[in-house]
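Computed over heavy atoms, backbone and side chain alike; hydrogens, waters and symmetry mates excluded. These figures come from a predicted structure and were not determined experimentally.
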Amino acid sequence: MRSLFALALMTTSAFAWEAGTDGHICTLSHRGDTQVHLTYDPNIPEYAITLTSEAGWPIAPVLGIRFDGPAMNYITTDRHELSADGYALSVRDRGFGNVLDGLQYNLRLIAMTGSTARIVELEGAAPAVADFRTCTEAPSA
């Protein structure tokens, strides 16, 4: 019985990456210690990423996202917004190529603001990012 339970735990994708749609909006999400949620709204057109951490985020002038792996990259912005409760950081922009490349072709994302850093493992992200890209390229209804 213990062996079956252990096997079930090993095959569960509690930290899975998922792509989909919410009406006409393309979505990409990851559940984990730091949750990642991307959207693309073709009507605006605009991308958004929200990083949510139960540990919260400090108020800081710059958000940095480093992607570690074969296509390493480091991007920064001062256009991020902190939610009223301090748990979510969001950034919106019309172009997200560097973010999508970072998620698809690397091993981990490290989000940094102030003296706080949160790590998100990117194992399994590539197929979901590819699906998200396909959704963003589809003609809007």
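Of the possible polar contacts, none joining the Thr21 side chain to the Ile25 backbone as a donor-acceptor pair under 3.5 Å is found. Side chain of Trp57 to main chain of Leu51: a donor-acceptor pair is present (N/O by atom type, distance under 3.5 Å, no hydrogens or angles).
When the side-chain hydrogen bond (donor to acceptor under 3.5 Å, both in side chains) test is applied to Gln104, the partners found at least two apart in sequence or on another chain are Arg133.
Residues Ala19 and Asp131 come closest through the heavy atom pair CB-CB, 3.7 Å. Minimum interatomic distance between Leu28 and Leu103 (heavy atoms only, all atoms of both residues): CD2-CD1, 4.1 Å.
Applying the salt bridge (charged side-chain N to carboxylate O under 4.0 Å, His left out) test to residues at least two apart or on different chains, the pairs with a partner in residues 34-49 are Glu46-Arg92.
With hydrophobic clusters built from ILVMFWY side chains whose heavy atoms lie under 4.5 angstrom apart, Ile75 shares a cluster with Leu100.
The hydrophobic cluster analysis finds Tyr105 isolated: no Ile, Leu, Val, Met, Phe, Trp or Tyr side chain comes under 4.5 Å of it, directly or through other members.
Within the 4.5 Å cutoff, side-chain heavy atoms of Leu63 are placed close to those of Val91. Between Thr77 and Val62 there is no side-chain heavy-atom pair separated by less than 4.5 Å.
Under the 30°/60° scheme for interplanar angles, the aromatic rings of Phe96 and Tyr47 are found to lie parallel.
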Go through Gln35 and His30 one step at a time and tell me if the side-chain contact (heavy atoms from CB on, under 4.5 Å) criterion holds.
-> CA-CA 6 Å; Gln35 296 181 30; His30 169 72; over 6 Å; no

Step-by-step side-chain contact (heavy atoms from CB on, under 4.5 Å) determination, His37 to Thr27 | CA-CA 7 Å; His37 187 72; Thr27 63; 4.2 Å; yes

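Note that the CZ atom of Arg66 and the CD1 atom of Ile110 stand 3.5 Å from one another [nearest 0.5 Å].
A cation-pi arrangement is absent between Arg31 and Trp17 under the rule of less than 6.0 angstrom and at most 45 degrees off the ring axis.
Other residues, nucleotides and ligands place no more than 12 heavy atoms under 6.0 Å from the CG atom of Asp22.
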